[in-house]
Asker: 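A single structure is presented below for examination.
Starting from 1, each residue takes its place in the sequence as its number.
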Amino acid sequence: MKKLAPVSPAFPSAKAEKQLARGVRERGDSAWLGQPGTGDGVFQRYRDLDRWLLASIADISGGLAPATLSAAAVDWWIHLLASPAKRLDLLHEAAGTWVRLAHWGCTAGTGTACPFEPLPQDKRFDAPEWQAWPFAAYAQAFLGLQHIWQRATNGVPGVRPHHEAMVSFGARQWLDMVAPSNSILTNPVVLKRTLIEGGANLMRGALHAGDDALREALDQPPAGASAFKVGKNIAVTPGKVILRNRLAELIQYEPTTPRTHREPVLLVPAWIMKYYILDLSPHNSMVKALLDRGFTVFMVSWKNPVAEDRDTSLDDYFHLGVEAALDAIARVMPGAPVHALGYCLGGTLLAMAAAALSRTRPRSLKSLTLLAAQTDFTDPGELSLFIDDGQVELLDAMMWRRGFLDERRMKGAFAQLRSRDLIWSYRVMNYLMGVRQPVSDLMAWNSDGTRLPYKMHSQYLHTLFLDNALAHGQARLAGQAINLADIRVPIFNVGAVQDHVAPWRSVFKLHGLTDAEQTFVLTAGGHNVGIVNPPDQTPTSHRVRRWRAGDRILTPDEWLECTPATDGSWWTAWFEWLARHSSGMRKPPRIGGPGTRPLGAAPGRYVLER
C-alpha cells in the first residue's frame with residue numbers, strides 16, 4: 001500500500017507561525033506567493049514607505065503607537081462591559097467610597113481619621129496646610145477617585161496583562177494631571193504663597209516657564225546645570241586616555257596609594273548615559289573611592305552616536321568597548337584578570353560578554369559586578385509599557401529616519417514613569433511657587449543626555465525585550481550563541497528598591513540563569529541615587545546575601561524576608577568583596593603601559609560631545 005503523506009493541520013502551531021513570519025521578513029513577499037525567496041520581494045522594496053509613514057505618525061503621537069494605545073483601551077472597555085460582576089463591584093466600591101467621604105466630612109473637626117491615605121511615596125499632601133478645610137476635602141476626594149480608578153483598571157476578567165498595565169498607567173497619568181496640588185486655587189501652599197507675595201511668585205513662575213520652554217526648544221541644559229562643568233568640578237579624577245577608537249575611549253586613572261591590588265577594575269557604564277555618573281564630584285565619585293582603596297581603575301567612555309553611526313550594533317559595543325578595553329588593560333597589566341563592572345545597559349552587555357569570553361578568553365575576568373542590570377526581561381517593570389511589537393515598530397521607524405533615538409525621547413519616557421515627581425511636582429515648585437530648586441551634580445549629569453544608534457537599539461529591543469533571548473539561551477554575540485550558564489566568575493549583583501528602570505525583582509532573576517557564586521545586594525534608593533551611594537554621605541541602608549551553586553534559589557519575596565537590613569552604603573560591602581577576590585598588592589602600573597603614549601588627559605574627548 002502506498003504510504004500517505006501526513007496531512008497538514010488546518011492551523012499551524014504558534015511556533016510554526018513564528019518561524020513562517022520570520023521567514024517572510026527575511027525573504028520578502030515572494031514567500032507568500034509560494035515562490036522561492038529572492039531577498040528582493042515587493043514587500044521589502046516598498047518597506048521604506050512603511051517606515052516614513054510610521055515615523056510621521058510618531059511625530060504627531062509623541063512617539064507612542066496609536067494602534068497599541070487603542071487596542072489596550074478597547075480590550076479593557078469591552079471586557080469591562082462584558083463583566084456585570086466587575087461593574088457591580090465598582091458600583092459598590094464607588095458608593096462605599098463616597099459614603100466614607102460624606103461621613104468624614106460631616107464629622108470633620110472631631111478627630112475622625114481621614115478615610116484615605118496617600119501612597120508612601122506620594123508627598124503632595126504632606127504640608128500641614130492640607131489639613132485645613134476645604135483643602136483636606138479636595139485631597140480626600142482626589143485620593144478616593146484615585147482608589148476607584150485603581151480598582152477599575154485592575155482585575156477586569158479577560159484583559160491582557162499588558163493592556164491592563166497600560167490602561168492603569170494611563171489612568172494614573174490623567175489623575176496626576178488633575179490633582180488638586182496642581183492648581184493655584186486648590187493648593188493651600190501655593191495660595192498662601194501667592195497672597196503673601198501679592199502674586200510675585202506667579203510672575204517668577206511665568207519667567208521660569210518661558211525660560212524652560214526656550215531651553216527645550218534650543219536643546220539646552222536646564223537652568224542651574226551650567227554650574228557644573230565636566231573636567232572642571234565634575235569628572236575631575238586625574239587620569240589619561242590610553243585608547244580611542246570610533247566608538248569608545250578608555251581612561252586609566254592615576255593611583256592614589258603607594259601599592260595597588262594586582263587585579264584592576266574596569267568600569268563599563270551604559271551608553272544611554274555619560275560615564276561620569278561614576279565619577280561625579282570628589283565626595284561621591286566611585287572612581288576616587290576605588291583608587292583610595294588601592295585599586296587600579298579603568299573607565300570606558302562611549303562616543304555619543306550621530307546619524308553616521310546608525311549601523312553600529314551590539315557586536316560593535318562588545319568588540320570596540322569591552323574587548324578593546326581588555327586588550328588595552330592586558331598591555332598595561334599583562335596576565336592580570338580584571339574585576340569588571342557594568343551599569344544598567346552596560347551591565348547587560350557585560351553579562352553577555354562574560355558568557356562569550358568564558359569560551360574564548362576564560363582567564364580574562366576575575367569577577368563580575370552588575371549594577372541595576374537586567375538579564376531576564378520577563379518582567380522589566382513599567383518600562384515595558386513603552387515596549388511591545390507595535391511600539392517597537394514605531395520606534396524602529398523613528399530611528400531608521402534619523403539614524404538614532406534622540407535623548408529627549410528617552411527622557412520623556414522616563415519622566416512619564418514618575419510623572420508625579422518629575423513633571424507635576426516640578427511645575428508646582430517652579431511655576432506656581434516661583435522657586436528654582438538648587439541643581440545637584442547628579443541632576444546636572446541627568447540632563448547631559450546621549451543618543452542610541454538605530455541598529456543597536458533595534459537589536460536590543462527585539463532580542464532582549466520582546467524575545468527575551470538572553471534568558472532563554474538564544475542570544476548571539478559576535479556571531480556565537482551565548483548562555484549565561486557559562487559564566488564561572490563570582491558575581492556581585494546590585495538592585496535598588498525604588499528602581500523604575502530595572503526593577504530589583506527583575507535584576508534578581510539572574511539567580512536562575514547561572515550557577516556562578518552570586519552576592520545579591522538590595523540598596524535603598526532608585527536607579528541612580530541607589531547606585532551613587534558613597535559611605536558616610538547620607539543615611540542609607542542595604543541588604544546583602546551570598547548564594548552558591550546547590551543552595552536553594554529563593555524567590556525575591558523570600559529573599560527579602562530572610563535578609564536583614566544593614567545601615568550604611570553598599571559600597572563598603574562591595575569594596576570588601578573585591579578585596580577578598582583579589583590576590584595581593586603590587587607596585588602601581590604605569591599609565592598606558594610600557595612604550596605607550598597616552599592620548600590626552602581625562603575626561604577625554606567623547607564625554608564632551610553633545
Side-chain angles (χ1 to χ4, degrees), residues 225 227-244 248-261 263-271 273-304 321 325 328-329 332-333 338-344 346 369 371 440-446 448 450 528-529 531-537 569-572 574-575 578-579 582 585-593 596-609:
F228 295 93
K229 300 289 187 182
V230 176
K232 301 297 183 182
N233 55 359
I234 50 177
V236 295
T237 305
K240 301 290 185 183
V241 176
I242 64 169
L243 168 71
R244 180 182 296 121
E249 293 177 329
L250 183 67
I251 301 170
Q252 180 182 354
Y253 292 95
E254 297 178 3
T256 61
T257 57
R259 295 183 66 79
T260 59
H261 290 277
E263 292 82 10
V265 177
L266 169 64
L267 306 179
V268 183
W271 46 96
M273 59 176 70
K274 296 290 182 71
Y275 84 82
Y276 64 91
I277 188 174
L278 301 177
D279 184 28
L280 287 168
S281 304
H283 71 276
N284 59 3
S285 168
M286 179 181 285
V287 172
K288 185 176 185 304
L290 285 166
L291 292 170
D292 291 345
R293 284 159 180 80
F295 290 97
T296 301
V297 181
F298 297 85
M299 173 76 77
V300 173
S301 174
W302 300 105
K303 182 182 185 294
N304 196 6
I329 293 172
V332 177
M333 303 177 68
V338 173
H339 294 298
L341 174 147
Y343 186 5
C344 187
T369 298
L371 308 181
S440 66
D441 52 4
L442 187 58
M443 295 168 65
W445 163 85
N446 192 54
D448 191 8
T450 59
N528 297 327
V529 175
I531 300 303
V532 183
N533 198 332
D536 305 323
Q537 295 295 323
S569 167
W570 67 267
W571 285 21
T572 302
W574 180 52
F575 295 149
L578 284 177
S582 299
M585 309 294 284
R586 54 161 285 175
K587 181 180 178 182
R590 178 181 173 181
I591 296 287
T596 301
R597 184 177 180 180
L599 303 176
R605 179 191 304 168
Y606 285 165
V607 74
L608 302 176
E609 296 179 347

Asker: Does any N or O in the side chain of Asn233 come within less than 3.5 Å of the main-chain N or O of Lys229, such that one atom is a donor and the other an acceptor?
Answerer: yes
Asker: Specify the closest pair of heavy atoms between Met273 and Cys344, including all atoms of both residues, with the distance to one decimal.
Answerer: CE-CB, 4.1 Å
Asker: Is any side-chain heavy atom of Phe228 less than 4.5 Å from a side-chain heavy atom of Asp448?
Answerer: no
Asker: With distance as the sole criterion, is a donor-acceptor pair present between the side chains of Asp279 and Ser285 under 3.5 Å?
Answerer: yes
Asker: How far apart are the closest heavy atoms of Val236 and Pro282, and which atoms are they?
Answerer: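 Looking at all heavy atoms of both residues, the closest pair is CG2-CG, 4.1 Å.
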Asker: Which heavy atom in Pro258 sits nearest to a heavy atom in Pro588, and how many Å separate them?
Answerer: O-CD, 3.1 Å
Asker: What are the two closest heavy atoms between Ala235 and Val230, and how far apart are they?
Answerer: CB-CG1, 4.0 Å
Asker: Using distance alone, with no hydrogens and no angle criterion, decide if Thr450 and Trp302 have a side-chain donor and acceptor under 3.5 Å apart.
Answerer: no
Asker: Rounded to the nearest 0.5 Å, what's the gap from OG on Ser301 to CG on Leu278? Could you check?
Answerer: 11.0 Å
Asker: Taking all atoms of both residues into account, what is the closest heavy-atom pair of Glu609 and Asn304, and its distance?
Answerer: O-ND2, 3.7 Å
Asker: Please tell me if the side chains of Leu371 and Met286 come closer than 4.5 Å, counting only heavy atoms from C-beta onward.
Answerer: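 The answer is yes; the side chains approach within 4.5 Å.
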Asker: Under the side-chain contact (heavy atoms from CB on, under 4.5 Å) test, which residues partner Pro589, sequence neighbours left out?
Answerer: Gln252, Thr260, Thr296, Val332, Met333, Arg586
Asker: Heavy atoms only: give me the nearest Gly321-Ala248 pair and the separation to one decimal.
Answerer: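 The answer is CA-CB, 4.5 Å.
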Asker: Just so I know, are the side chains of Ile531 and Tyr343 near enough to count as touching, which here means a heavy-atom distance under 4.5 Å?
Answerer: yes
Asker: Dump the intermediate steps for side chain to side chain donor-acceptor pair (under 3.5 Å) on Tyr276 and Asp441, then the final yes or no.
Answerer: CA-CA 10 Å; Tyr276 64 91; Asp441 52 4; over 6 Å; no
Asker: Tell me whether Glu249 contacts the main-chain N or O of Arg605 through its side chain, where contact means a donor paired with an acceptor under 3.5 Å.
Answerer: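 Yes, Glu249 side chain to Arg605 backbone: donor-acceptor pair under 3.5 Å.
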Asker: Would you sort out whether Ile242 and Ile251 count as a side chain to side chain contact (heavy atoms under 4.5 Å, CB included), showing the intermediate values?
Answerer: CA-CA 6 Å; Ile242 64 169; Ile251 301 170; over 6 Å; no
Asker: Using a 4.5 Å cut-off on heavy atoms from C-beta on, say whether the side chain of Thr257 contacts that of Leu291.
Answerer: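 When only atoms from C-beta onward are counted, Thr257 and Leu291 do not touch, as no gap falls below 4.5 Å.
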Asker: Please tell me if the side chains of Val338 and Phe298 come closer than 4.5 Å, counting only heavy atoms from C-beta onward.
Answerer: no
Asker: Mind checking the NZ-CD1 spacing from Lys274 to Ile234? Nearest 0.5 Å is all I need.
Answerer: 10.0 Å
Asker: Test Tyr606 against Arg244 for side chain to side chain contact (heavy atoms under 4.5 Å, CB included), laying out the working first.
Answerer: CA-CA 9 Å; Tyr606 285 165; Arg244 180 182 296 121; 3.7 Å; yes
Asker: Can you find a pair of side-chain heavy atoms, one from Ser569 and one from Trp574, that are under 4.5 Å apart?
Answerer: no
Asker: Before you tell me yes or no, could you show the steps for Leu267 and Tyr275 under side chain to side chain contact (heavy atoms under 4.5 Å, CB included), namely the whole-Å CA-CA distance, both residues' side-chain angles and the distance that decides it to 0.1 Å?
Answerer: CA-CA 9 Å; Leu267 306 179; Tyr275 84 82; over 6 Å; no
Asker: For Val241, which of Leu599, Ile591, Leu250 qualifies under side chain to side chain contact (heavy atoms under 4.5 Å, CB included)?
Answerer: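 So the option named by the test is Leu599.
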Asker: Under 30°, 30 to 60°, or over 60°: which ring-plane class applies to His339 and Phe295, parallel, tilted or perpendicular?
Answerer: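 Because their plane-to-plane angle is over 60°, the rings of His339 and Phe295 count as perpendicular.
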Asker: Is the shortest heavy-atom distance from the side chain of Val297 to the side chain of Pro264 under 4.5 Å?
Answerer: no
Asker: Could you measure the distance from the CG atom of Asn284 to the CG atom of Asn533? Nearest 0.5 Å is fine.
Answerer: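 These two atoms lie 10.5 Å from each other.
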Asker: Would the distance check show the side chain of Lys240 and the main-chain N or O of Pro598 forming a donor-acceptor pair, the cut-off being under 3.5 Å?
Answerer: no
Asker: If you define the side chain from C-beta out and look only at heavy atoms, does anything of Leu341 sit under 4.5 Å from Val268?
Answerer: no
